[in-house]
K.L.:
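Just dropping this structure here.
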There are 2 protein chains.
Amino acid sequence: MSSQQRPGEHGEDAITEEEMAGTTMPAPAAEPSKRPNAFTELMAPKKPKPPTHTTAAPKPHSRAPVFAGRDGLGAYTASPQSYGPDRIVYHNEHFVVINDLYPKSSVHLLLLSRNTRKQLLHPFDAFEDAAFLAACRAEAAKVKKLVAAELRRKHGAYSASEKARRDAMDANDPPDTDGLPAGRDWESEVKTGVHAHPSMDHLHVHVLARDMHSPCMRHRKHYNSFNTPFLVPLEDLPLAPNDVRRHARYLDEDLVCWRCGRNFGKSFAKLKEHLEGEFEAWRKE
Amino acid sequence: MSSQQRPGEHGEDAITEEEMAGTTMPAPAAEPSKRPNAFTELMAPKKPKPPTHTTAAPKPHSRAPVFAGRDGLGAYTASPQSYGPDRIVYHNEHFVVINDLYPKSSVHLLLLSRNTRKQLLHPFDAFEDAAFLAACRAEAAKVKKLVAAELRRKHGAYSASEKARRDAMDANDPPDTDGLPAGRDWESEVKTGVHAHPSMDHLHVHVLARDMHSPCMRHRKHYNSFNTPFLVPLEDLPLAPNDVRRHARYLDEDLVCWRCGRNFGKSFAKLKEHLEGEFEAWRKE
DNA sequence: TATTCCGATAGTGAC
DNA sequence: GTCACTATCGGAATGAG
């Protein structure tokens, strides 16, 4: 019945460093349907298409330490300049922000710390340090605004709550951002946190939309890792010594729709189909 | 790495009714490498290729009762004349012998009874009738000779025990069958029996080589159904009332090579690979 | 819990 | 156990020279 789709190159539709122009602050949100650019909706990949067999991004030309398998994220903090703007969203002295190579939502960034004292600690341990935690929270807040801006760019044209802002945009071009209606609160659609048991050894904070709409969202564990207490918000850290999330298992639990609460048991295929409809409704809010 | 093979039509390499010429007795064995005919090794199918979606053989042109699913074998005994010689090996008033549509060994026939009083009974019940059992045993003995003859035709050229017979054949052509050396005892390579819990409702006796070498041999239950007490030899019938085979489960047991006894656990893929080598060695005996 | 490949396991539907 | 189809579940390897 369904024909196999040839996947496009991965990351075509992601935030780029060019857009950020090397700054550490989010650029003003690009508005939908105004200026076609690298963000423009192209042929979104129907299947994940990583560059090679390794989880890590393609190695740059150096012969420095090899980052493979669980160390795959190390390459980004070691030499962010070696990667293209479709991989690196921005970087500064302390952080590197990348597009997740296998995004599990329509927008999915990773905040990586370049602090070599913390980088390889378990997040629960790394964030026992209050100063480090505060710095990461501050940076994560910026990343959250970035993700919100990208959500507006990608989905704003479909959103009812964006209509007044959209109409104002259309009325005065180039727009005066300050005078615009606030529009939809996209930040409230963004989740920020760490996995209770990360598979990648380098510290990474997920900052992603809650839609769970992505061709890379393909397994129950993918879904549950962002929709159960397995995802620990930065605000909850440091964890109390007896916090159940230190040891509890969440990934094998039933699949429950994040939007309507319906339980799909172990049937990922059914949930996946359902999420298509939820996504359409969600972006129309 | 491995290229997909386009499967040939199923049954090209099976015993045909033409060869039997409508008789109820096995024809003299066709000798290998002498007369190319329907038995000649052609492009043996690498993957099973049944005619349609249904388990039953292709329906003839009648609009008589539909035989599908578990009733699929009924069509053969109801109207054997409707099928081609590649499907029907021979038929007479009381029996129909067919090539199994999904042979699990290099030669695999089914003996079907046309007795409508017995046809739909469980084999353990049908064979409580001593006269019926005797008739089926007698016919099965004929079928066993047929299978043995086919094994000689297909594998004789590779067999060391056949050499003297082969050389004699080559010396006087056309051959005088009576004066030939006996050659390999192919009948000892043939198994005859019924499944303890058949999936097809019409009574059928399996008569097949023990090599288990066939592209249709694809699952653990396939293998164990012929290589555990799940296969009940006709000689063991009728079963004692307390015989464990009436209720025991055998199909989920570990896979054990019929030839060397090696245990492959639940790994069908490993057994399958192993059987390739065993088949080559076996036919060279 | 990184992905990918392969394979084992499980339920369904066939008319 | 008839098949075929889909999907879930389970382990092992994974870079690079």
Side-chain angles (χ1 to χ4, degrees), chain A residues 1-2 10 47-59 63-75 100-102 104 110 122-123 194-202 204 206 216 218-226 228 230-231 249-252 255 265-272, chain B residues 1-2 47-57 59 65-74 100-102 104 110 194-202 204 206 216 218-226 228 230-231 249-252 255 264-272:
Chain A
M1 288 296 180
S2 63
H10 199 66
K47 296 180 85 171
K49 181 69 187 308
T52 69
H53 259 221
T54 166
T55 301
K59 260 294 260 84
R63 78 173 79 90
V66 174
F67 295 100
R70 300 180 67 96
D71 287 332
L73 295 176
D100 193 301
L101 194 54
Y102 299 92
K104 304 306 189 295
L110 296 182
H122 187 286
V194 297
H195 282 157
H197 302 285
S199 277
M200 304 297 270
D201 282 339
H202 286 75
H204 54 289
H206 294 272
C216 300
R218 295 183 298 132
H219 302 300
R220 179 152 41 99
K221 288 180 178 181
H222 288 158
Y223 186 83
N224 279 344
S225 73
F226 294 108
T228 66
F230 192 88
L231 183 72
R249 296 234 200 296
Y250 297 105
L251 299 178
D252 281 334
L255 293 160
K266 310 296 189 198
S267 177
F268 182 85
K270 292 281 171 46
L271 168 71
K272 184 78 175 171
Chain B
M1 288 298 179
S2 62
K47 295 180 86 171
K49 179 71 187 306
T52 69
H53 259 221
T54 166
T55 302
K59 262 293 261 84
V66 174
F67 296 100
R70 300 180 68 97
D71 287 331
L73 296 176
D100 192 302
L101 194 54
Y102 300 92
K104 304 306 187 295
L110 295 182
V194 297
H195 281 158
H197 302 285
S199 277
M200 304 296 271
D201 281 341
H202 287 75
H204 54 289
H206 294 272
C216 300
R218 295 183 299 131
H219 302 299
R220 178 152 42 99
K221 287 182 178 181
H222 288 159
Y223 186 84
N224 279 343
S225 73
F226 293 109
T228 66
F230 191 87
L231 183 72
R249 297 234 199 297
Y250 297 105
L251 300 178
D252 281 334
L255 293 160
F264 290 86
K266 310 295 189 199
S267 177
F268 181 84
K270 292 280 170 49
L271 168 71
K272 183 78 174 170

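Naming: A, B, ... by sequence-line order, numbering from 1 per chain.
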K.L.:
Over all strands shown, is A:H195 touching base, sugar-phosphate only, or nothing at heavy-atom distances under 4.0 angstrom?
P.N.:
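Touches sugar-phosphate only.
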
K.L.:
Taking 4.0 Å as the cut-off, does a side-chain nitrogen or oxygen of A:H222 come that near to OP1 or OP2 on C:dT3?
P.N.:
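Result: yes.
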
K.L.:
Roughly how many Å is it from NZ in A:K272 to P in D:dT6, rounded to a whole number?
P.N.:
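After rounding, the reported distance stands at 18 Å.
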
K.L.:
Look at the side chain of A:A269 and decide which nucleotide, out of D:dA4, D:dA7, C:dT9, has an atom nearest to it.
P.N.:
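It is D:dA7.
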
K.L.:
Send over the distance from B:R218 CZ to C:dT9 P, rounded to a whole Å.
P.N.:
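So the two atoms are 16 Å apart, to the nearest Å.
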
K.L.:
Side chain of B:A68, heavy atoms from C-beta onward: which of C:dC15, C:dT4, D:dT2 has the nearest atom to it?
P.N.:
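Among the listed nucleotides, the one closest to the side chain of B:A68 is C:dC15.
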
K.L.:
Nearest-Å distance, NE2 (A:H204) to P (C:dT3)?
P.N.:
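About 10 Å, once rounded to whole Å.
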
K.L.:
Nearest to the side chain of B:K104 - D:dC3, D:dC9, C:dA2?
P.N.:
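Among D:dC3, D:dC9, C:dA2, the one nearest the side chain of B:K104 is D:dC3.
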
K.L.:
Let me confirm one number: the CG-CZ distance from A:N224 to A:F230, rounded to the nearest 0.5 Å.
P.N.:
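These two atoms lie 9.5 Å from each other.
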
K.L.:
Once you apply a heavy-atom cut-off of 4.0 Å, does B:H219 come out as touching a base, just sugar-phosphate, or nothing?
P.N.:
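Nothing, no nucleic acid heavy atom in range.
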
K.L.:
Roughly, in whole Å, what's the span from CZ in A:F67 to P in C:dA2?
P.N.:
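Spelled out: CZ on A:F67 to P on C:dA2 is 18 Å.
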
K.L.:
The side chain of A:S267 lies closest to which of these nucleotides: D:dC3, C:dA8, D:dT8?
P.N.:
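Closest nucleotide to the A:S267 side chain: D:dT8.
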
K.L.:
Can the ring centroids of A:H195 and A:F226 be said to lie less than 6.0 angstrom from one another?
P.N.:
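Yes, the ring of A:H195 comes within the 6.0 Å limit of the ring of A:F226, centre to centre.
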
K.L.:
Would you give the length of the straight line joining atom CZ of A:R220 to atom NZ of A:K272, rounded to the nearest 0.5 angstrom?
P.N.:
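It is 15.0 Å, given to the nearest 0.5 Å.
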
K.L.:
Is the gap between the ring centers of A:H204 and A:H202 under 6.0 Å?
P.N.:
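They do not qualify: ring centres at least 6.0 Å apart.
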
K.L.:
Whole-Å distance between C:dA8 P and B:K266 NZ?
P.N.:
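Atom-to-atom, B:K266 to C:dA8, this comes out as 12 Å.
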
K.L.:
With respect to the phosphate group of C:dG7, does any side-chain polar atom (N or O) of B:R220 fall under 4.0 Å of OP1 or OP2?
P.N.:
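False: B:R220 side-chain N/O out of range (4.0 Å or more) of C:dG7 OP1/OP2.
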
K.L.:
Roughly how many Å is it from CG in A:N224 to C1' in C:dA2, rounded to a whole number?
P.N.:
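Atom CG in A:N224 sits about 17 Å away from atom C1' in C:dA2.
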
K.L.:
If a pair means Watson-Crick or G-U wobble with both distances below 3.5 Å, what does DNA chain C look like in dot-bracket form, with | marking bases paired to a different strand?
P.N.:
.|||||||||||||.

K.L.:
Between atom CE of A:M200 and atom CZ of A:R70, what is the distance when rounded to the nearest 0.5 Å?
P.N.:
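The CZ atom of A:R70 is 8.5 Å from CE of A:M200, to the nearest 0.5 Å.
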
K.L.:
Toward the 5' end of DNA chain C, which comes first, B:F268 or A:L251, by nearest nucleotide?
P.N.:
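Closer to the 5' end of DNA chain C: A:L251.
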
K.L.:
What is the distance from CG of B:D71 to C1' of C:dC15, rounded to the nearest Å?
P.N.:
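So the CG-C1' distance, B:D71 to C:dC15, works out to 9 Å.
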
K.L.:
Roughly how many Å is it from CZ in A:R70 to C1' in D:dG15, rounded to a whole number?
P.N.:
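Going from CZ in A:R70 over to C1' in D:dG15 covers 16 Å.
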
K.L.:
Decide side-chain contact (heavy atoms from CB on, under 4.5 Å) for B:L110 and B:H206; before the verdict, give the C-alpha distance in whole Å, the side-chain angles of both, and the deciding distance to 0.1 Å.
P.N.:
CA-CA 5 Å; B:L110 295 182; B:H206 294 272; 3.3 Å; yes

K.L.:
Does atom NZ of B:K266 have more than 12 heavy-atom neighbours, drawn from other residues, nucleotides or ligands, at distances under 6.0 Å?
P.N.:
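Yes, the 6.0 Å shell around NZ holds more than 12 heavy atoms from other groups.
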
